[in-house]
Number of protein chains: 4
Amino acid sequence: MGSTPQQRRGNTRQRIQDVALELFAEQGYEKTSLREIAERLEVTKAALYYHFKTKEDILVSIFEDLNRPVEELLAWGREQPRTLETKKEILVRYSAALGAAAPLFRFMQENQAAVRDLSIGKTVKERVMGLVDLFMEPDASLADQVRCSTALFTMHAGMFTIKDLEGDPEEKRKAVLEVAFELVTRAHGAESAG
Amino acid sequence: MGSTPQQRRGNTRQRIQDVALELFAEQGYEKTSLREIAERLEVTKAALYYHFKTKEDILVSIFEDLNRPVEELLAWGREQPRTLETKKEILVRYSAALGAAAPLFRFMQENQAAVRDLSIGKTVKERVMGLVDLFMEPDASLADQVRCSTALFTMHAGMFTIKDLEGDPEEKRKAVLEVAFELVTRAHGAESAG
Amino acid sequence: MGSTPQQRRGNTRQRIQDVALELFAEQGYEKTSLREIAERLEVTKAALYYHFKTKEDILVSIFEDLNRPVEELLAWGREQPRTLETKKEILVRYSAALGAAAPLFRFMQENQAAVRDLSIGKTVKERVMGLVDLFMEPDASLADQVRCSTALFTMHAGMFTIKDLEGDPEEKRKAVLEVAFELVTRAHGAESAG
Amino acid sequence: MGSTPQQRRGNTRQRIQDVALELFAEQGYEKTSLREIAERLEVTKAALYYHFKTKEDILVSIFEDLNRPVEELLAWGREQPRTLETKKEILVRYSAALGAAAPLFRFMQENQAAVRDLSIGKTVKERVMGLVDLFMEPDASLADQVRCSTALFTMHAGMFTIKDLEGDPEEKRKAVLEVAFELVTRAHGAESAG
DNA sequence: AATGAATGAGAGTTCATTCAT
DNA sequence: CATGAATGAACTCTCATTCAT
């Protein structure tokens with residue numbers, strides 16, 4: 001059963017993306033060869049090149065597809081009032097976005113050096129900085145800036161560091177969110193109170 | 001005068017490590033070739049093999065040298081009473097250790113996928129988990145476990161994420177420590193108070 | 001209005017030949033890929049295969065079309081008396097034939113190695129030798145043989161070497177013809193006078 | 001007894017150049033693969049890359065070695081008085097230079113398109129134009145310019161076109177020279193007489 | 001303490017070509 | 001009249017590694 005050659009027709013592009021992301025996340029970008037991807041799909045390397053211009057292009061296409069929700073979140077966040085409620089809502093939504101594209105974000109977390117040198121590097125950096133900006137008050141102290149960065153980072157780390165902790169995944173996600181809330185709340189309160 | 005060939009004699013091993021670490025941190029482990037290292041040192045690739053058995057061995061030797069303080073910190077921490085004071089002292093010392101070997105830790109942070117597959121991967125993971133254990137109370141809640149992980153992670157992130165923030169490096173280090181303190185304190189207080 | 005898809009209908013074959021020749025002349029036969037040809041025509045590679053059996057077949061078809069006048073000139077020449085007047089007339093007609101299919105002859109001049117290995121190679125060589133034979137007296141001295149070859153070659157060279165010289169193209173063509181006349185005349189005179 | 005591996009040591013670079021030139025001249029630059037060169041030498045492709053940076057670099061190195069006499073001839077020619085005697089002497093010397101590096105010049109003649117796109121293309125063109133300049137009087141008529149170009153071109157053609165004519169090679173070389181003399185003499189006389 | 005010469009394996013990429021639709 | 005999808009073979013080039021000297 002499964003996927004006969006006939007059934008596969010027309011979704012090869014998608015299947016390449018799926019397998020590639022799986023392998024990129026598992027082994028890293030550099031260590032994953034196109035031969036490996038092709039073999040796992042039972043097509044030839046040349047078939048990959050029918051669908052994508054380069055190896056990098058495979059990653060770019062994955063990124064563009066899966067990163068869109070984050071992009072939208074960023075746009076949404078920029079139009080909201082800078083309240084604590086908004087910030088919490090952003091964290092909740094971000095957590096959902098990360099969960100929905102976990103392999104991609106795990107990959108980016110674990111291959112920062114590789115990603116930095118790729119064409120998506122610039123975008124990734126801008127996205128992260130854009131999000132941190134949504135949490136940060138204009139005149140935030142250094143410690144508060146660290147708190148906001150850390151809040152975001154905690155969630156990224158939650159993708160894979162925390163996965164070694166035992167416990168129900170959903171509860172872990174909540175725990176991560178709780179700590180992120182805490183950090184952002186503190187950073188928020190400090191300014192509005194000060 | 002700089003370093004004439006004569007002066008260099010006998011410290012080639014050290015120079016290889018320095019250049020290798022620099023390049024590993026800059027470009028990643030996989031993307032750095034032995035040719036590149038050799039060229040920058042103006043020796044041949046074969047010379048590298050006189051001093052090190054393999055490419056991986058170069059990294060291992062760097063890691064063994066620069067990770068020693070962390071190893072010692074871990075040993076020390078395990079003999080201390082599990083007080084909040086101890087935990088804070090560990091954070092202070094860890095911060096110093098990270099600062100002293102910044103390129104290595106930046107490298108490990110940005111190349112987690114590569115490191116994981118190398119022989120040092122297991123050790124690195126144990127080291128991190130060992131440190132987190134020093135902060136964690138035996139019956140800590142999930143949220144507290146996240147707090148402790150995050151405290152450590154905040155410091156790693158401080159190596160490179162925070163470097164984009166403006167401000168005096170020393171003050172940034174303090175700000176990072178402050179947030180880490182906060183997280184560990186909360187995790188500590190929750191248990192002893194509960 | 002240019003060439004809308006509708007207008008293009010039915011002359012795709014011709015358009016392929018045009019674009020292919022243009023690229024072959026520009027970049028050489030080997031360096032020109034079918035992908036490139038197809039892209040420039042905004043059709044798929046498979047479309048090329050609807051009209052031509054192979055890449056080589058494209059070139060063959062171009063050659064067969066554009067070389068016909070030379071073929072006819074050769075046949076005509078063979079039926080004429082071997083006078084100096086005839087020889088000059090052949091040169092004049094050959095010059096016109098070259099001018100009318102300049103890109104093809106430039107291509108052949110600049111890609112002799114490639115042409116030689118293709119199926120047209122044999123024909124091309126026979127054509128050139130056939131023409132030289134029309135100039136050459138049966139018992140011509142070696143120097144006269146060289147003169148006749150050179151006369152023809154001068155005209156080929158005129159396609160592209162001389163194009164770096166400044167001056168009106170039409171005048172250059174005449175200058176080339178003049179020199180070719182000279183060479184053929186000398187070779188002719190030597191024999192008839194000797 | 002032929003070339004045992006021991007005997008080969010130390011002249012591999014030279015042998016690569018020899019075999020490469022042979023194949024380039026035989027089949028063209030593009031159609032000659034590094035695999036082919038390596039196989040004929042019974043070394044691996046990687047060995048070629050120990051001695052040369054790229055495929056193109058192999059050709060460049062051959063060109064630099066074998067083109068030197070032409071370079072020197074050009075320099076010499078520029079310091080001589082612009083007499084007919086000088087021009088003839090240049091032709092004689094050029095003929096010798098071409099004969100000494102026949103495979104290279106045959107290659108360049110038959111692969112003009114490929115050569116043009118390579119890094120040596122510019123140099124080749126300058127060399128030819130430089131030589132033609134040595135023959136050309138400043139105010140030469142178009143026909144005389146063609147004569148001078150043709151004189152040079154005749155010699156290049158002599159490398160391979162004329163090789164189909166029967167006769168002793170040395171006598172053919174003389175015949176070619178004779179025709180070249182004639183062309184240059186006419187171009188020279190026209191000006192000094194005019 | 002180091003080099004020169006080489007290798008085997010494999011990388012990413014491109015090519016002309018095929019064929020069911 | 002043409003496309004979409006794919007292939008097999010080949011390409012140039014780079015890599016970590018070896019070893020006699």
Side-chain angles (χ1 to χ4, degrees), chain A residues 5-6 8-13 16 30-38 41-58, chain B residues 5 8-13 30-38 41-58, chain C residues 5 8-13 30-38 41-58, chain D residues 5-6 8-13 16 30-38 41-58:
Chain A
Q6 284 76 6
R8 287 203 218 115
R9 285 267 164 75
N11 64 340
T12 302
R13 197 190 139 93
I16 293 171
E30 320 268 7
K31 282 200 73 170
T32 300
S33 70
L34 296 183
R35 181 183 51 72
E36 232 175 328
I37 298 174
L41 287 166
E42 294 180 277
V43 297
T44 60
K45 274 186 291 170
L48 306 185
Y49 278 91
Y50 175 76
H51 293 281
F52 300 95
K53 274 214 309 274
T54 62
K55 181 184 180 185
E56 185 169 350
D57 193 37
I58 299 179
Chain B
R8 286 205 217 114
R9 283 248 177 90
N11 65 340
T12 301
R13 198 190 138 91
E30 319 269 7
K31 282 199 74 172
T32 301
S33 69
L34 295 185
R35 181 181 52 68
E36 229 175 330
I37 298 174
L41 287 166
E42 293 179 281
V43 298
T44 60
K45 273 186 290 176
L48 306 184
Y49 279 90
Y50 178 80
H51 293 282
F52 299 95
K53 270 212 315 272
T54 64
K55 180 184 180 185
E56 187 169 349
D57 193 37
I58 299 179
Chain C
R8 283 204 217 115
R9 284 250 175 87
N11 65 338
T12 302
R13 196 189 139 91
E30 319 269 6
K31 283 200 75 171
T32 300
S33 69
L34 296 185
R35 181 180 52 68
E36 227 174 334
I37 297 173
L41 286 166
E42 294 179 278
V43 298
T44 60
K45 272 185 292 175
L48 305 185
Y49 279 90
Y50 177 80
H51 293 281
F52 299 95
K53 270 212 318 274
T54 63
K55 180 184 180 184
E56 186 169 349
D57 193 38
I58 299 179
Chain D
Q6 284 75 7
R8 288 205 217 112
R9 285 266 165 73
N11 64 339
T12 302
R13 197 189 138 92
I16 293 172
E30 321 267 7
K31 282 199 74 170
T32 301
S33 71
L34 296 183
R35 180 183 52 71
E36 230 175 329
I37 298 174
L41 286 167
E42 291 179 283
V43 297
T44 60
K45 277 184 288 169
L48 305 185
Y49 279 92
Y50 175 77
H51 293 282
F52 298 95
K53 274 213 308 274
T54 63
K55 180 185 179 183
E56 186 170 349
D57 193 38
I58 298 179

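None of these values were measured; they are calculated from a predicted model. Here is how names work: the chains are called A, B, and so on, in the same order as the sequence lines, proteins then strands, and each is numbered from 1.
Here B/H51 reaches the OP1 or OP2 of E/dA2: one of its side-chain N or O atoms lies under 4.0 Å away. An OP1 or OP2 oxygen of F/dC13 is reached within less than 4.0 angstrom by a side-chain nitrogen or oxygen of D/Y49. Between B/R35 and F/dA16 there is no side-chain N or O to OP1 or OP2 distance below 4.0 Å. For the pair D/T44 and E/dA6, the criterion of a side-chain N or O lying under 4.0 Å from OP1 or OP2 is not met. Proximity of B/Y50 to the phosphate of E/dA2: no side-chain N or O atom is located under 4.0 Å from OP1 or OP2. In this structure, A/T12 reaches the F/dA6 phosphate: one of its side-chain N or O atoms is under 4.0 Å from OP1 or OP2.
Atom NZ of B/K53 is separated from atom P of F/dC19 by 14 Å (rounded to the nearest Å). One atom, CZ of A/R13, and another, P of F/dG4, lie 14 Å apart when rounded to the nearest Å. One atom, CZ of A/F52, and another, P of E/dG12, lie 15 Å apart when rounded to the nearest Å. Between the P atom of E/dT17 and the CD atom of C/E56 lies a distance of 9 Å, rounded to the nearest Å. In this structure, D/K31 atom NZ and F/dT12 atom P are separated by 13 Å, rounded to whole Å. In this entry the distance linking CG of B/L41 with P of E/dT3 reads 10 Å, nearest Å. Regarding C/E42, its CD atom lies at a distance of 11 Å from the P atom of F/dT3, rounded to whole Å.
Residue C/L34 comes nearest to C/L48 through the heavy atom pair O-CD1, 3.6 Å, listed as atom of the first residue, atom of the second, then distance. In terms of heavy-atom proximity, D/Y49 sits nearest to D/T54 at CE2-CA, 4.0 Å. Smallest separation of non-hydrogen atoms from C/E36 and C/T32: OE1-CA, 3.8 Å.
Nearer the 5' end of DNA chain F, as judged by each residue's closest nucleotide, is the contact made by C/A47, out of C/A47 and B/T32. Projected onto DNA chain F by closest heavy-atom contact, D/E30 and B/T54 fall at different nucleotides, the more 5' of which corresponds to D/E30. Both C/S33 and D/L48 lie near DNA chain E, and the one whose nearest nucleotide falls closer to the 5' end is D/L48.
In this structure, the side chain of D/K31 does not engage the main chain of C/E30 through any donor-acceptor pair within 3.5 Å.
Base-pair partner of E/dT18: F/dA5 (Watson-Crick or G-U wobble, both distances under 3.5 Å). In a base pair of the Watson-Crick type (N1 to N3 plus N6-O4 or O6-N4) or a G-U wobble (N1-O2 and O6-N3), with each distance short of 3.5 Å, F/dT14 is matched with E/dA9.
Summarising the geometry, atom NZ belonging to B/K45 is positioned 8.0 Å from atom CZ belonging to B/R35; distances are rounded to the nearest 0.5 Å. To the nearest 0.5 angstrom, D/I58 atom CD1 is 5.0 Å from D/I37 atom CD1.
Out of F/dT7, E/dT7, F/dT12, the shortest distance to the side chain of D/K55 is found at F/dT12. You'll find that the side chain of B/L34 is closest to F/dA16, out of F/dA16, F/dT7, E/dT3. With F/dC13, E/dA6, F/dA5 as the choices, the nucleotide that has an atom nearest any side-chain atom of B/K45 turns out to be E/dA6. Out of E/dC19, E/dA6, E/dT3, the shortest distance to the side chain of C/A46 is found at E/dC19.
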